[in-house]
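Reviewing the structure listed below.
Note that the structure is predicted; figures quoted are calculated from it, not measured. To find a chain, count down the sequence lines: A is the first, B the second, and so on, and within it residues start at 1.
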There are 2 protein chains.
Amino acid sequence: MRSTCCHTDLCVQAVPVFKGLAEVELAKIAAITESSPYSKGSIVFREGQPADSLYVLNNGLMKLSQISHEGKQHNLRFLFPGDYFGQFDILQNKQHYATAEMLENGRVCRIHRKDLIPLIKQNADLAYSFLMTMSEQLRQAEEWAGALHILDVDKRLAKLLLHLYSKIGLQSGDQAINDFITLPAAKKEIAAMIGTTPETLSRKLNFFEENRIIEVCKRNIHIRNIRALNDIAEIGLDEVKNNGVEAVCT
Amino acid sequence: MRSTCCHTDLCVQAVPVFKGLAEVELAKIAAITESSPYSKGSIVFREGQPADSLYVLNNGLMKLSQISHEGKQHNLRFLFPGDYFGQFDILQNKQHYATAEMLENGRVCRIHRKDLIPLIKQNADLAYSFLMTMSEQLRQAEEWAGALHILDVDKRLAKLLLHLYSKIGLQSGDQAINDFITLPAAKKEIAAMIGTTPETLSRKLNFFEENRIIEVCKRNIHIRNIRALNDIAEIGLDEVKNNGVEAVCT
DNA sequence: GATAAAAATTGATCTAAATCAAGGAATATT
DNA sequence: AATATTCCTTGATTTAGATCAATTTTTATC
């Protein structure tokens with residue numbers, strides 16, 4: 001299932017990392033890009049497989065995950081349209097350290113390392129653009145790694161909800177248009193992302209709901225008390241309960 | 001305590017990320033670099049402080065860590081001479097997401113974002129060089145974040161020992177010159193790095209020693225059974241004990 | 001070399017969260 | 001619309017590893 005990239009504007013121009021490049025550069029990239037459809041549940045690549053391409057998600061939803069010998073799964077991150085992955089494993093010609101699976105049907109663009117690397121080496125703008133996005137990824141990855149160790153599940157969940165809120169709720173301006181967020185994937189995937197189990201996630205969401213911090217309806221979550229959420233993420237549930245009852249029980 | 005960079009060869013040329021740059025470029029970088037001495041225990045920057053510079057460790061040892069409201073600490077990584085940090089927080093003019101503390105006396109070079117960014121934007125080689133090192137950092141950060149969730153302490157410890165072994169043991173060739181590794185920092189720092197406590201680390205090291213996998217003398221560790229270590233890191237301690245007694249008790 | 005401070009060890013206890021188990025939605029398939 | 005999956009929830013139980021507490025060892029300072 002191969003085809004040259006459908007539309008330049010979809011695969012290349014709309015992708016953040018390629019934004020701001022000159023037309024001629026975009027055309028070069030489009031020329032070395034090929035896209036394929038992937039159905040929900042299909043694996044784009046597996047952990048351990050040799051990495052020779054940069055992948056860009058065109059549409060749909062993906063997850064990058066790791067799995068232990070015992071079958072425990074951790075979701076490193078979700079990928080939304082425009083995000084790229086398989087990143088610079090390809091720079092060093094190594095193996096993928098995670099498995100990429102489609103959570104929804106979608107198209108994935110692929111650029112082979114041998115085609116991309118010369119472009120990056122020649123084009124400081126492109127390299128700089130990659131640096132910007134990768135620095136943000138690195139920041140998030142390291143911050144989250146720390147969180148998995150030093151923060152308990154309540155805090156990690158609060159942080160995730162706040163993250164989704166800042167990302168989705170504020171997308172049409174600097175003021176939230178409403179207080180609803182939508183989980184990007186099934187709850188078990190969310191659980192595997194914040195380093196817990198579906199059972200524990202269910203209980204924690206329940207607890208937040210009982211304390212009127214949120215209201216859950218399937219994958220839609222109404223943020224009722226963002227201050228309490230902030231407090232939990234920062235100082236923890238125990239202290240919020242002791243000191244800041246007003247914050248929890250408004 | 002300010003001074004222009006001591007020696008070009010120390011601060012700049014010997015730094016991996018600047019390796020391979022032309023003399024004229026190195027000179028430019030040296031010109032915008034200043035270095036300062038820091039004593040053991042001193043803080044180079046704190047989490048939350050505005051980030052406006054790239055830092056390069058000249059000599060000594062540093063740790064990048066995060067701390068929770070309750071005082072739990074996680075070490076994101078250690079920095080060895082030539083490593084840089086504060087990385088591209090500066091690209092986005094954000095705040096530091098970790099605290100940098102000296103674990104030994106040393107010198108730190110500093111390059112202000114306003115001086116460095118133009119250089120990167122003009123010089124594709126330099127940008128590419130940063131991409132290479134950052135991609136490796138990202139890989140390690142994400143891989144480790146997954147490990148903190150899906151792997152138990154035994155596995156994480158085995159992975160750390162193997163990592164040190166591959167880094168230190170093999171440094172003078174592709175064959176290990178000996179089977180001794182040295183922990184780069186105090187055990188409590190190692191514990192904070194693999195996401196556990198000093199108490200648990202102590203017990204785990206003991207256990208490995210009882211099973212003749214390693215031999216511990218202060219910070220020096222003799223790797224006696226690297227195969228067992230590999231097995232533990234991959235399939236876990238339980239299975240090693242059940243199936244592979246030979247591996248453990250040679 | 002003596003004293004003080006910090007780090008590491010060992011044992012006892014506790015707890016957050018995982019696991020196990022069983023129903024009850026929701027979603028997908030025929 | 002009925003059936004089969006998959007997902008989610010709720011309760012009971014277990015457990016890895018944290019915490020607490022008390023020495024001992026190591027390192028630093030005088």
Side-chain angles (χ1 to χ4, degrees), chain A residues 39-41 63 68 70-75 101-105 147-158 182-210 214 216-221 232 236-239 241, chain B residues 39-41 63 68 70-75 101 103-105 147-158 182-210 214-221 232 236-239 241:
Chain A
S39 60
K40 182 176 173 175
K63 68 168 181 183
S68 76
E70 291 81 11
K72 270 197 185 181
Q73 195 166 4
H74 179 75
N75 290 161
E101 178 187 334
M102 298 301 286
L103 292 175
E104 293 170 8
N105 295 338
L148 287 169
H149 174 203
I150 59 180
L151 306 184
D152 56 25
V153 176
D154 306 292
K155 287 186 178 179
R156 299 202 300 267
L157 176 55
T182 302
L183 299 179
K187 296 215 180 87
K188 63 169 187 149
E189 302 295 346
I190 302 294
M193 166 131 249
I194 64 173
T196 189
T197 59
E199 292 96 324
T200 297
L201 175 61
S202 182
R203 285 183 250 264
K204 295 298 182 186
L205 284 173
N206 244 320
F207 182 84
F208 283 7
E209 209 165 11
E210 282 161 10
I214 60 173
V216 182
C217 177
K218 297 187 186 173
R219 285 191 197 171
N220 302 305
I221 295 178
I232 290 169
L237 195 52
D238 293 338
E239 287 219 28
K241 280 199 280 188
Chain B
S39 60
K40 182 177 174 176
K63 68 169 179 182
S68 76
E70 290 82 11
K72 270 196 187 183
Q73 195 165 6
H74 180 75
N75 290 160
E101 180 187 334
L103 293 175
E104 294 171 6
N105 295 338
L148 286 169
H149 175 203
I150 59 180
L151 305 184
D152 57 25
V153 177
D154 306 292
K155 287 185 179 180
R156 298 202 299 268
L157 175 56
T182 302
L183 298 178
K187 294 212 182 90
K188 63 171 186 147
E189 303 295 347
I190 302 294
M193 166 131 247
I194 64 172
T196 190
T197 58
E199 292 96 325
T200 297
L201 176 61
S202 181
R203 285 182 250 264
K204 296 298 182 186
L205 284 173
N206 242 319
F207 182 83
F208 283 7
E209 208 165 13
E210 282 162 10
I214 60 174
E215 209 162 21
V216 182
C217 177
K218 298 188 184 171
R219 284 191 196 170
N220 302 305
I221 295 178
I232 290 169
L237 196 52
D238 294 338
E239 287 218 27
K241 280 200 281 187

*dG17(D) P sits how many Å from Leu148(B) CG, rounded?*
12 Å
*Roughly how far, to the nearest 0.5 Å, is the NZ atom of Lys204(B) from the CD1 atom of Ile214(B)?*
12.5 Å
*For Gln73(B), check side chain to side chain donor-acceptor pair (under 3.5 Å) against everything at least two apart and list the hits.*
Ser65(B)
*For Glu70(A), salt bridge (charged side-chain N to carboxylate O under 4.0 Å, His left out) partners two or more places apart*: Lys155(B)
*Provide, to the nearest angstrom, the distance between the CD atom belonging to Glu189(A) and the C1' atom belonging to dA26(C).*
16 Å
*Who passes side-chain contact (heavy atoms from CB on, under 4.5 Å) against Asn220(A), sequence neighbours left out?*
Thr182(A)
_Under 4.0 Å from OP1 or OP2 of dC7(D): is there any side-chain N or O of Lys188(A) that close?_
yes
*asked:* What is the separation between atom CD1 on Ile221(A) and atom C1' on dC8(D), rounded to the nearest whole Å?
replied: 14 Å
*Atom CD of Glu70(A) to atom P of dT15(D): distance rounded to whole Å?*
16 Å
*In whole angstrom, give the distance that lies between atom CG of Leu201(B) and atom P of dA7(C).*
14 Å
*Could you give the distance from CG (Leu157(A)) to CG (Leu205(A)), rounded to the nearest 0.5 Å?*
5.5 Å
Give every pair of a protein N or O atom and an N or O atom of nucleotides 14-23 of chain C that lie under 3.5 Å apart, one pair per line with the distance.
unit_1: dA17(C); atom_1: OP1; unit_2: Val153(A); atom_2: N; d: 3.0
unit_1: dA18(C); atom_1: OP1; unit_2: Thr196(A); atom_2: OG1; d: 3.3
unit_1: dA18(C); atom_1: OP2; unit_2: Thr196(A); atom_2: OG1; d: 2.8
unit_1: dA18(C); atom_1: OP2; unit_2: Thr197(A); atom_2: OG1; d: 3.3
unit_1: dA18(C); atom_1: OP2; unit_2: Thr200(A); atom_2: OG1; d: 2.6
unit_1: dT19(C); atom_1: O4; unit_2: Arg203(A); atom_2: NH2; d: 3.1
unit_1: dC20(C); atom_1: N4; unit_2: Glu199(A); atom_2: OE2; d: 3.2

Side-chain donor-acceptor contacts of residues 183-197 of chain B below 3.5 Å, not counting sequence neighbours, with atom names and distances?
unit_1: Lys187(B); atom_1: NZ; unit_2: Lys218(B); atom_2: O; d: 3.3
unit_1: Glu189(B); atom_1: OE1; unit_2: Lys63(B); atom_2: NZ; d: 3.0
unit_1: Glu189(B); atom_1: OE2; unit_2: Lys63(B); atom_2: NZ; d: 3.3
unit_1: Thr197(B); atom_1: OG1; unit_2: Thr200(B); atom_2: N; d: 3.2
unit_1: Thr197(B); atom_1: OG1; unit_2: Thr200(B); atom_2: OG1; d: 3.2

*If only side-chain N and O atoms of Asn206(A) are considered, is one of them under 4.0 Å from the OP1 or OP2 phosphate oxygen of dT9(D)?*
no
*Kindly calculate the angle separating the two end axes of the helix from dG1(C)-dC30(D) to dA22(C)-dT9(D), each obtained from five base pairs, and round it to 10 degrees.*
50°
*Can you name the side chain to side chain donor-acceptor pair (under 3.5 Å) partners of Asp152(B), sequence neighbours left out?*
none
_Results of side-chain contact (heavy atoms from CB on, under 4.5 Å) for Glu104(A) - residues two or more places apart only_ = Leu61(A)
*Starting at atom CZ of Phe207(A), determine the distance to atom C1' of dT9(D), rounded to an integer number of angstrom.*
17 Å
*Measure across Asp154(A) and Phe208(A) and return the closest heavy-atom pair with its distance rounded to 0.1 Å.*
O-CZ, 3.8 Å
_Between P on dA7(C) and CG on Leu205(B), what's the gap in Å once rounded to a whole number?_
17 Å
Can you tabulate the close N/O pairs, meaning under 3.5 Å, that link protein atoms to atoms of nucleotides 25-30 of chain D?
unit_1: dT27(D); atom_1: OP2; unit_2: Lys218(B); atom_2: NZ; d: 3.4

_Restricting to side-chain contact (heavy atoms from CB on, under 4.5 Å), what partner residues turn up for Lys40(A), sequence neighbours left out?_
Asn105(A)
*Whole Å only: how far is the CD atom of Glu210(B) from the C1' atom of dT9(C)?*
13 Å
_Sidechain-backbone polar pair: Glu215(B) side chain, Glu209(B) backbone, donor-acceptor under 3.5 Å_ = no
